[in-house]
Structure formats: C-alpha cells, structure tokens
Amino acid sequence: MMKKPKYAVIVDEIKEKIEKGEWPIGSKIPSQRNLAEIFQVNRSTVITALDELMAEGLIEGRVGSGTIVTNNTWTLMGQQATVNWNENVSKGIHKASMTMVQEINREESNDQLIQLSKGELAAKLFPTMTMQSVMRKVSDQFTTLGYEEPKGNILLRQAISNYLKVRGIDASPSSILVVSGALQALHLISIGLLPRGTSVLLEKPSYLYSLSIFQSAGMELKGLSMDREGVKIQSISQLQKEKQILYTIPSFHNPTGITMSDKRRLELLEKCKKEQLPIVEDDVYRDLWIDNEPPVPLKAMDHSGNVLYLGSLSKSLSPGLRIGWIVGPESVINRLADLKMQSDYGSSAISQRVAAEWLTSGLYEEHLKNVRGQLRIRRSAALQALNTYLSNVAEWDVPEGGFFIWLRIKPDFTVSRLFDKAMARGILLNPGNIYAEDTGQFIRLSYAFASPDDFRKGVSQLSKIFQGAGEDYYY
Ligand SMILES: Cc1ncc(COP(=O)(O)O)c(C=O)c1O
C-alpha cells in the first residue's frame, strides 16, 4: 500500500481535532513553527498542509490573530451552525488570569525547563513509600465510597482539630470545613461572605494578586506596605472606611518569605478588632519552618471569632490530594459548607481518608521532620549559588522557612523581558509583577522544587543574562 505523504497525515490529524471539537470554530491553531515541532516535519510540509485546509475552507489566516478555525465539515455542509464557544469564552463572569500567569501554569509541567518558579515540593521529597502504605491501609478499610458530610469526613475533621490544638488553635470539628485546597477556601469566601464592592486589604506584594478570585466577585484589592516584620499597621488606618476585610499570609509569606513577628501579630489583631476588620489568615506554609517555629497563628490569639483560618496539606505533603481546611465561627462554616455542597458536593472521599490517616497515625509529623531537613539543605545550596552568581546584581533576605527567596534586582530591567530571556535559556521563574503590578524589580525563586544542582545552573544562566546587560534586557 502506498504511504500517505506527510502533509496529508497532518491534514487528517488537524481535521480530526476540528471534527472532535478539540479545536472548535474560532480557535487559533498553533504557529507553523510549533506545528513543525509537534509533527516533527519541516516547515514547508506544514505550509502545504495548511494550504490544503485553507482551500477546503476549514481554516483562515487572519492578520494579527494567526490562523483560525473557521468551519468544520458540518458547517461546510450547510447544516445548522454550531455554537461559537470561543466568542463566549471572554464573556464568562470569572476574570481570566494574567497572560503571564497562564503561561507559567502551562510551563510548570514542562520538564525540559529548570523550574525555579514552582511552589511545590520536589518529587524526591514526596514520601512515595509511606503514601503507598497509607493508601493500602485506607483501601483495606473501605466499606463504601459515597459522598461525605457537608463539612467533610468526621475522622478527618477530628484529626485536623487535634493538629490545630498542637499549633495553639482550639477548634471543634463542627467549626472546621474540609476544602479542596486553600484555593477553594478563597473562592468560597469570595462568593459566600462578602458583598460586591468590598475592599480586600492585603500585603503588597501577595500571592492573591496573581489570581482573579476576589476581583471576579466584584471586589478590589488594596495593597498594604510591608517591612521585615510583616504588614505595616499604619498603612491600615490610612485607608478609607468602607466594607473591608484583611487577607494575610503571616508565616513564610508568598512571595517575600517574610514571617510576621509576634509583636506585629498582636498589633494587627488589636487594630483589626478596633476597626472591626475581619481577617482571613492563610497559613499554608506554617509547617515548613527551617530555623524556628513561626509565632503562633493569629487565630490562636483570636477570642472574638474575627479570624478565618486557612490551612492545607498541599505545601507540606501533597498538592495532589487537594485537601485543605477553613476554621471559623460555626455560622460562617455552615454557610461555606452549603456553598461547597453546591459547588462539588464535598472533597474527594478517598483523599479525605488518606489525609486523616496521615494525621492520626503520626506519619505526617514524622514526614515534616524530613521535609524541614531537606528544605534546609536546599535553602543553603540556593543561597550559596545566589552569593556566587548574583550578589553583584541582586539582593535578598534569607527566608526562615517556606519555599521562596524574593530577589530585588538592582539594575533597571523590564520583568517581562527578563522572563522571556530566562525562558529562552530554559529557566522558568516568577516575575515580581504578577504579585502586584508596581512591586518594582523583583523575581521570586523557589528552592523547593529544582534540585540544588539545577538551581545553581539556573542562577548561573540568569547571571549570564545580566552580564549581557548593556544590550537589550533593560527595555
Ligand atoms: C499563600 C497560598 N495560599 C494558598 C495556596 C493554594 O494552596 P492549595 O494547593 O491548598 O489550594 C497557595 C499555593 O501556591 C499559596 O501560596
């Protein structure tokens, strides 16, 4: 049988994608260069294939927007026009993430890159064997796998209650809601507790700026300045009175790595109580201390129910479990539990039982000891690499835990340009401007994911970009 020419194979594959609706009408198809890479052919073969698809009326080249799918065979046959989903994409209620954030999210699974961006433990730090045995044990106990209670599996909530007690928080299972990661907690809070027009006061920079959660719910983020002890209390009173809440990441802050001091925590609580400002305390990095345990959570000192407390197993054990929690007054937890039921009818029952086993067996605390030791090694290797390669162009503080080093770059440069240049050298980093537009010249590096050797290689590549200064990286 005669072999099909290469261009015809490409035509067939693209047609199939259009027919199956994977590339619906209105979608942009990959560039010629990307198609050549995907199909492992040279560009002229791709061009022949595209010409054929254009001749058939399936795609169309549009100036400024690339090549677009304009028809599928059904529409060509003159049948009822299909919905143009792409037209609707921009009309949804929820705002899109910044383009750069979307790109980072995509590239974080590209294993060809040195990942200096990832807020996740390295695969080597994942307790594979223990997880396997925990899962085996849990699966032996399955009698059913139905939905769980609205607030989450009772064994897990009891286990979280005990876990919190050790960290100074007294919370009964009825005031705990199990969520699919702290991110879901933020979503539930944004839609369930606050009217449109609320201002969310938060550290500037903050992880929250890299998302569109509160803005999509009609709220505005208002940044508060920080110093080495955390958010500055004076910056709170400077803001006008209106419906407001305060969101803070007091321990090993993302992205700066700053831990709020004991004194500042007390002052903040005092201030918020006086101003009747509810607090959302995002404490997902708490367990990842390297030098000293961070000061007790704000929630531990809150006796008036002013603080909603968020925790998660994502950073310390496994983001794949998608298990986190919200702790707060029962009426608030009941409201959020109802919304959660409307959204996903509960977090995975399997994950919940696995999480409960980790916490109740003591294996989680054992695992933390190992993780802290490994993070200490990685942090020290990272600092050594930074001292060797970037000390003349950047400055940073040493984080006492968590994953991140927040680098201030001294020479003038445009962050997006640096991001592109780093990518071209196979390095993914998080530019500071995704954590608030006008943060200045910062980048966030993570020492948790890349191996110490890769971290060093990555940083040495970055130094080369700066050595090439004078050329074009400034603008
Ligand atoms: C401060 C902070 N809160 C919440 C999250 C989301 O965590 P989870 O995986 O528990 O949803 C992250 C993850 O990057 C984070 O840095």
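Remember, it's 1-based here, ligands and their atoms both numbered in the order they're listed.
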Distance-only N or O hit between ligand 1 and Y285, under 3.5 Å: yes
Q115-D454 side chain donor-acceptor pair, cut-off 3.5 Å: no
Per-atom contacts, ligand 1 versus A182 - under 4.0 Å to a heavy atom: 4 (C), 8 (P), 10 (O), 11 (O)
Heavy atom of the protein closest to atom 3 (N) of ligand 1 (residue, atom name, distance): D282 OD2, 2.6 Å
Numbered atoms and elements of ligand 1 in range of K315, under 4.0 angstrom, heavy atoms: 12 (C), 13 (C), 14 (O)
Donor + acceptor pair across side chains of D338, Q342 (<3.5 Å): yes
K124 side chain to S451 side chain, donor-acceptor N/O pair below 3.5 angstrom: no
Test item: side-chain donor near acceptor, N433 and Y209, under 3.5 Å: no
Closest protein heavy atom (residue, atom, distance) for atom 6 (C) of ligand 1: Y207 OH, 3.5 Å
Which of the ligand 1 atoms, numbered from 1, are nearer than 4.0 Å to a heavy atom of R322: 8 (P), 9 (O), 11 (O)
Any N or O of P319 closer than 3.5 Å to N or O of ligand 1: no
Donor on one side chain, acceptor on other, Y309 and D282, under 3.5 Å: no
Distance-only polar pair, side chains of D302 and S304, donor-acceptor under 3.5 Å: yes
Atoms of ligand 1 close to G181 [distance to a heavy atom under 4.0 angstrom, numbered from 1]: 8 (P), 10 (O), 11 (O)
Test item: side-chain donor near acceptor, S251 and R265, under 3.5 Å: yes
Nearest-contact summary for atom 9 (O) of ligand 1 - protein heavy atom, Å: S314 OG, 2.7 Å
Proximal ligand 1 atoms for I249, defined as those under 4.0 Å from one of its heavy atoms: 1 (C)
Polar proximity ligand 1 side, Q184 side, N/O cut 3.5 Å exclusive: no
Mutual orientation of the aromatic rings belonging to F442 and W406 [parallel < 30°, tilted 30-60°, perpendicular > 60°]: parallel
Which of the ligand 1 atoms, numbered from 1, are nearer than 4.0 Å to a heavy atom of V284: 1 (C), 2 (C), 3 (N), 15 (C)
